[in-house]
Each structure stands twice: as C-alpha cells, then as structure tokens.
Amino acid sequence: MNLGQDLLIIGRQVNTVGRRVDLLAINATGVIYIIELKLNEASPSIIAQVLDYRRWIRQLTRAEFIRVVADGPLHVDLVDAFQRHFGHALVDAVNESQVLMIIAASIHPRTARAILELKDIGCSITTFRYVVRSGAVSLIPCCRDDQDTEDLHAETRPPALLKRSTPPVLHWSPRYRVGIEEHVREFWLTHAPQFASPIVLFSVIYAQYKEWFREQAAEGLQSPVVVGLFGRQLAAIVAATDEWAHVYVPTGITMETLAALKTLPPTRPRQAAGFHTVAYMRNPASRELDH
C-alpha cells in the first residue's frame with residue numbers, strides 16, 4: 001500500500017474491544033496509523049468507530065502495543081520488522097501519538113463535517129477517496145477544509161472495489177493543495193543550508209524539526225506538526241524550488257551508511273521495489289552556488 005509516506009504495515013484485522021481495525025501501520029518515528037477501509041461510502045458511524053479504535057490503542061503501553069502486534073493475524077515481531085524496514089532500532093516513542101486514516105469510495109456529507117470538526121480540535125485524521133482506473137487504485141485526499149468538502153460532493157462517486165483477500169496496491173496522487181504553516185517553512189529555510197550531505201533522510205529532518213520546535217516553545221508555538229502532515233508540507237515547500245528533490249533511497253540506508261559511501265546511492269522519484277526510505281536530495285547546481 002502506497003500512501004505517499006514511508007509506513008510499515010504491522011497489523012491487519014487487529015482485534016480491539018468487539019471490533020477489528022482494518023490496518024495498523026507505523027512510521028519511522030513511532031507514530032501509529034489506524035487505517036479504516038470502506039468499499040463504499042464512509043457513513044457517519046465511521047467516526048465513532050475510528051475514535052473507539054484510537055481510544056483503545058492509545059491506552060496501550062509500548063510493551064502492550066508490541067504484544068498486540070505480535071499476537072495479531074500478521075504475527076509481526078515489531079522490533080525486528082522495524083529495524084529491517086527503517087534501518088534503525090525501534091524508537092522509544094512507540095504509540096505516543098496516533099493518526100486516524102479513512103479510505104473510502106465516497107464520504108457522506110455528515111462524515112465530512114465531523115472530520116473537519118475533529119481537525120479543528122487538533123485530532124490527527126486524514127481522509128482519502130479511492131478511484132479505480134485501468135485496474136489501478138489511486139488515492140485522492142479529501143475533507144481538508146470546507147471548500148474541499150463542497151467540491152467533494154459535486155463529483156461523481158467512483159465504483160466500489162471488489163472484496164479481496166489482501167489490500168489493493170494504492171498509488172499516491174500528490175497533486176493537491178497543501179496548507180503550509182509558516183513555522184515549518186521557517187524551519188526548512190533556516191536549516192536546509194546547514195545540511196552538509198547532498199542526501200538527507202526525512203527521519204533526520206523531522207528529528208531536527210522537533211528539536212528546533214522545542215527550542216521555539218517559549219515563543220508561543222503550542223505543538224509540533226505531526227510527522228505525516230510535516231512530510232506533506234515539506235514536500236510542497238521543496239516542490240516550489242529547484243534546490244532539493246523528494247526521493248526514495250534503498251531500504252536500510254542510514255546517515256551513517258550515506259557518509260561511508262564514496263558515490264551517491266541510487267534514488268527513485270517514487271517508491272519501487274527495494275526503495276522505501278524517504279529522503280531529500282540537493283540539486284548539485286544549488287550546492288555549487290553555496291560554495
């Protein structure tokens with residue numbers, strides 16, 4: 001499943017209290033993604049459903065969460081799987097924050113309004129419509145603001161997917177409006193010139209952003225942008241210039257291995273077999289100008 005982010009699927013049909021989470025995923029910083037898939041319309045009841053999942057999951061300790069994943073249908077050894085996928089040890093901050101994600105053929109108007117309300121009160125929730133074209137599945141971000149919701153219900157609803165035993169391959173569609181917060185832009189503009197390496201892993205950038213944010217807390221910033229939203233905003237900032245490019249490098253690459261390489265590793269503009277680690281590559285011409 002390609003959601004435009006480097007996520008590791010760690011659970012499928014995971015038992016909670018009386019119901020099952022369709023998919024659980026984790027990113028490189030330990031944020032848990034609770035993903036609900038609907039073949040047809042996402043009715044208003046889905047809001048209570050995903051919030052119930054989130055309530056149950058967020059009360060789990062780190063050790064309890066690791067055990068739930070191990071006991072689930074996929075029987076994932078989270079420590080080992082995380083190391084192999086992200087190239088570094090499982091972080092301490094596992095399950096300290098969660099992102100709700102809804103993927104459906106269409107979104108009921110009441111559901112859309114409820115999603116916007118959750119966003120307004122600070123809940124991390126992302127919504128997509130899927131579209132099937134020529135056998136491929138594409139994701140279209142939706143329910144980001146009131147105008148977006150109005151546009152959503154003016155469109156023709158896509159046909160539902162047929163049920164299948166494994167999740168479909170979903171292709172990210174990056175062409176959508178992204179609201180960029182000024183402090184994220186400020187962070188990138190002030191920190192990007194300091195990166196000595198021509199390729200910097202996204203996980204390293206986000207870690208520096210959080211450290212920088214803590215230093216700015218006294219200036220009135222309340223909470224850092226969650227990793228997924230930060231990634232989308234950073235990608236939008238970079239896309240507006242020719243100085244850096246959003247790329248994928250071979251899975252397992254770390255800043256240590258990058259420093260040891262005599263030549264740059266192979267890169268891909270999109271995820272491909274063996275290429276799942278998100279990074280940013282500096283334009284050689286831009287690098288020469290700095291020197």
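Computed from heavy atoms alone, side chains included, the values below leave out hydrogens, waters and symmetry copies. Numbers here are sequence positions counted from 1.
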**Prompt:** Hey, mind stepping through I35 and D22 against side chain to side chain contact (heavy atoms under 4.5 Å, CB included) and telling me if it holds?
**Reply:** CA-CA 6 Å; I35 305 172; D22 285 337; 5.8 Å; no
**Item:** Trace of the side chain to side chain contact (heavy atoms under 4.5 Å, CB included) decision for N15 with V68
**Value:** CA-CA 9 Å; N15 283 317; V68 165; over 6 Å; no
**Complete:** One should read off an interatomic distance between L258 CG and L201 CG, to the nearest 0.5 angstrom, of 5.5 Å
**Asked** So, for V249 and A279, which heavy atoms are closest and what is the spacing to 0.1 Å?
**Response** CG1-CB, 4.2 Å
**Request:** Of all the heavy-atom pairs spanning V226 and S124, show the shortest one and how long it is.
**Result:** CG1-OG, 3.3 Å
**Item:** Which atom of P250 lies closest to which atom of T277, heavy atoms considered
**Value:** O-OG1, 3.8 Å
**Short side-chain to backbone donor-acceptor contact, H108 and P44, under 3.5 Å** = no
**Complete:** CD1 of I102 to SG of C143, rounded to nearest 0.5 Å, is 8.0 Å
**Asked** Is the closest side-chain heavy-atom distance between L118 and I121 below 4.5 Å?
**Response** yes
**Side chain to side chain, P198 and L264, heavy atoms closer than 4.5 Å** = yes
**Asked** So which of F187, Y206, F230 actually passes ring pair (Phe, Tyr, Trp, His ring centres under 6.0 Å) with W212?
**Response** F187
**Asked** Can you tell if the side chain of I205 reaches within under 4.5 Å of the side chain of F195, non-hydrogen atoms only?
**Response** yes
**Request:** Might you work through the ring-ring contact (aromatic ring centres under 6.0 Å, His included) test for Y209 and H191, ending with a clear yes or no?
**Result:** CA-CA 9 Å; Y209 161 72; H191 284 69; 9.2 Å; no
**Item:** Flag side-chain contact, heavy atom, 4.5 Å: F86 against I26
**Value:** yes
**Message:** Between W244 and Y280, is the ring centroid distance below 6.0 Å?
**Reply:** no
**Complete:** Scanning both residues in full, the closest heavy-atom pair of E64 with L60 reads OE1-CA, 3.4 Å
**Electrostatic pair K38:E36 at N-O distance under 4.0 angstrom** = yes
**Request:** Before giving the answer on side chain to side chain contact (heavy atoms under 4.5 Å, CB included), spell out for Q98 and V31 the whole-Å C-alpha distance, their side-chain angles and the decisive distance to 0.1 Å.
**Result:** CA-CA 6 Å; Q98 304 80 27; V31 176; 5.9 Å; no
**Item:** Student check: side-chain heavy atoms of V91 and F82 closer than 4.5 Å
**Value:** yes
**Request:** Any chance you could measure I46, atom CD1, to L100, atom CG, to the nearest 0.5 Å?
**Result:** 10.0 Å
**Prompt:** Atom CZ in R113, atom CD in E117: separation rounded to 0.5 Å?
**Reply:** 11.5 Å
**Message:** I'd like to check M101 versus F128 (side-chain heavy atoms, cut-off strictly below 4.5 Å). Are they in contact?
**Reply:** yes
**Prompt:** How far apart are the closest heavy atoms of R58 and N95, and which atoms are they?
**Reply:** CA-ND2, 4.1 Å
**Message:** Using side-chain heavy atoms (C-beta onward) and a distance below 4.5 Å, is L78 in contact with F65?
**Reply:** yes
**Asked** Can you check whether L7's main-chain N or O pairs, donor with acceptor, with N27's side chain at less than 3.5 Å?
**Response** no
**Asked** H246 and F202: aromatic ring centres closer than 6.0 Å?
**Response** no
**Request:** Please check if any side-chain donor atom of S43 sits under 3.5 Å from a side-chain acceptor atom of E41, or the reverse.
**Result:** no
**Item:** Side-chain donor or acceptor of Q194 paired with backbone N/O of T190 under 3.5 Å
**Value:** yes
**Request:** Any chance you could lay out the side chain to side chain contact (heavy atoms under 4.5 Å, CB included) test for V131 and R129, step after step, and finish with the verdict?
**Result:** CA-CA 7 Å; V131 177; R129 286 192 306 111; 4.3 Å; yes
**Item:** Expected output: side-chain K119 to main-chain I125 donor-acceptor under 3.5 Å
**Value:** yes
**Message:** Restricting to non-hydrogen atoms, name the atom on V79 and the atom on L90 that form the minimum distance, rounded to 0.1 Å.
**Reply:** CG2-CD2, 3.9 Å
**Prompt:** Could you give the distance from CD (E243) to CG (L189), rounded to the nearest 0.5 Å?
**Reply:** 8.5 Å
**Asked** For Y248, is the NZ or CZ atom of R268 found under 6.0 angstrom from the centre of its six-membered ring and inside 45 degrees of the ring axis?
**Response** no
**Prompt:** If only atom types and distance count, is the side chain of S197 paired as donor or acceptor with the main-chain N or O of V200 below 3.5 Å?
**Reply:** no
**Request:** Starting at CG of L74, measure out to CG of L24 and round the result to the nearest 0.5 Å.
**Result:** 9.5 Å
**Close side-chain approach of M255 and V204, heavy atoms under 4.5 Å** = yes
